[in-house]
Engineer: 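Please read through the structure below; I'll follow up with questions.
Since the structure is predicted, the reported quantities are computational estimates derived from the model, not experimental observations. We name chains A, B, ... by the order of the sequence lines, and we start the count at 1 in each one.
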Amino acid sequence: MRFWLLKSEPDVFGYADLARAGREPWNGVRNYQARNFLRQMTAGDLCLFYHSGTRPPGVAGVAQVVRAAYPDNLQFDPASSYADPRATPEAPRWSMVDVAPLLALPRLITLDELRTLPAWAASPLLARGSRLSVLPVDRAQVQSVLQAAGTTLPALDEPAAPAL
DNA sequence: GCCAACGTTGGC
DNA sequence: GCCAACGTTGGC
């Protein structure tokens, strides 16, 4: 299992919207680095759901990848602002995954608070001018956020897949 | 292949 | 609303 952070503007689509929807294609990512991370995701990976463009920004919940990367539908939709005329169904350029809600944090863990957590010291999220909307995190970072929020995820504390 | 111009992101 | 940082575009 790997761990990721997904940014979204809550005015557009926040964690509460995901909780309501039950499942959602994470489409519209139009940055190659972010796209390449999407392509590394597999079902079962956990994603911190980060609210950006709001005050304060921070992690609002945890989502789970429920479908690995497949072609982003919006790239083929001329009516979409995410349309990409260079993309064809035979040669798609952009990918999306499907995510589902897993846990709403009891309280937002703000960007300011992330800056105080040792596990986050080296995260690109905290780097000046960071704009990446999909980025890898690690188990310790996820755990530190859950701990700060006063909650846990049983799946996190289990050892990696037990050998049979 | 360089680089200036431009558009976008995102914290403040 | 401002502005710094960054990625992309397109002329050359």
Side-chain angles (χ1 to χ4, degrees), chain A residues 2-21 24-41 45-65 68-99 101-138 140-150:
Chain A
R2 297 184 65 182
F3 307 96
W4 309 93
L5 182 143
L6 299 175
K7 285 185 194 172
S8 187
E9 297 180 27
D11 290 348
V12 178
F13 191 84
Y15 185 82
D17 295 304
L18 179 62
R20 204 172 303 120
E24 190 76 8
W26 204 260
N27 51 19
V29 171
R30 294 293 179 272
N31 168 282
Y32 286 106
Q33 199 178 351
R35 181 203 68 180
N36 293 341
F37 286 136
L38 285 179
R39 290 181 174 177
Q40 294 176 34
M41 293 182 182
D45 285 0
L46 299 188
C47 303
L48 296 177
F49 197 114
Y50 180 88
H51 285 176
S52 65
T54 186
R55 261 195 279 205
V59 179
V62 183
Q64 190 159 34
V65 176
Y70 62 110
D72 181 322
N73 57 317
L74 298 181
Q75 69 192 305
F76 310 123
D77 178 359
S80 169
S81 59
Y82 293 110
D84 186 341
R86 300 163 298 186
T88 64
E90 295 74 30
R93 300 173 71 94
W94 305 108
S95 299
M96 63 183 179
V97 298
D98 287 354
V99 296
L102 187 63
L103 175 71
L105 294 186
R107 67 182 183 86
L108 188 78
I109 302 304
T110 66
L111 178 59
D112 281 347
E113 203 165 348
L114 291 180
R115 294 187 195 282
T116 71
L117 300 176
W120 285 82
S123 174
L125 180 74
L126 307 188
R128 189 176 160 82
S130 163
R131 291 164 43 190
L132 197 55
S133 65
V134 179
L135 56 118
V137 297
D138 62 29
Q141 288 169 334
V142 176
Q143 278 175 330
S144 68
V145 167
L146 293 174
Q147 184 179 18

Engineer: Rounded to whole angstroms, how far apart are NZ on Lys7(A) and P on dT9(B)?
Structural biologist: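 To the nearest whole Å, that distance equals 11 Å.
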Engineer: When the aromatic ring centroids of Trp94(A) and Tyr32(A) are compared, is their separation below 6.0 Å?
Structural biologist: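 Between Trp94(A) and Tyr32(A), the centre distance is under 6.0 Å.
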Engineer: Given atom CZ of Arg35(A) and atom P of dG7(C), what is their separation to the nearest angstrom?
Structural biologist: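 Nearest whole value for this atom pair: 15 Å.
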Engineer: Without decimals, in angstroms, what is the distance between Asn31(A) CG and dA5(C) C1'?
Structural biologist: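 In whole Å, dA5(C) C1' lies 13 Å from Asn31(A) CG.
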Engineer: Figure out the CG/C1' separation between Leu126(A) and dA5(C), and round it to whole Å.
Structural biologist: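 That distance rounds to 16 Å.
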Engineer: How long is the line joining CG of Asp11(A) and C1' of dT9(B), in whole Å?
Structural biologist: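 For the pair Asp11(A) CG and dT9(B) C1', the rounded distance is 15 Å.
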Engineer: What distance do Leu38(A) atom CG and Gln33(A) atom CD have between them, rounded to the nearest 0.5 Å?
Structural biologist: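 The CG atom of Leu38(A) sits 11.5 Å away from the CD atom of Gln33(A).
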Engineer: Base, sugar-phosphate, or nothing: which does Arg86(A) touch, judged by heavy atoms less than 4.0 Å apart?
Structural biologist: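 The answer is sugar-phosphate, as Arg86(A) gets under 4.0 Å only of primed atoms, P, OP1 or OP2.
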Engineer: How many whole angstroms separate atom CG of Leu132(A) from atom C1' of dT9(B)?
Structural biologist: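 Computing the Leu132(A):CG to dT9(B):C1' distance gives 11 Å.
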Engineer: Roughly, in whole Å, what's the span from CD in Gln33(A) to C1' in dA5(C)?
Structural biologist: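 After rounding, the reported distance stands at 14 Å.
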Engineer: In whole angstroms, how far is the P atom of dG11(B) from the CG atom of Leu114(A)?
Structural biologist: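 In whole Å, dG11(B) P lies 11 Å from Leu114(A) CG.
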Engineer: Salt bridge or not between Arg30(A) and Asp84(A)? Use side-chain N to carboxylate O under 4.0 Å.
Structural biologist: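 Answer for the salt bridge query: no.
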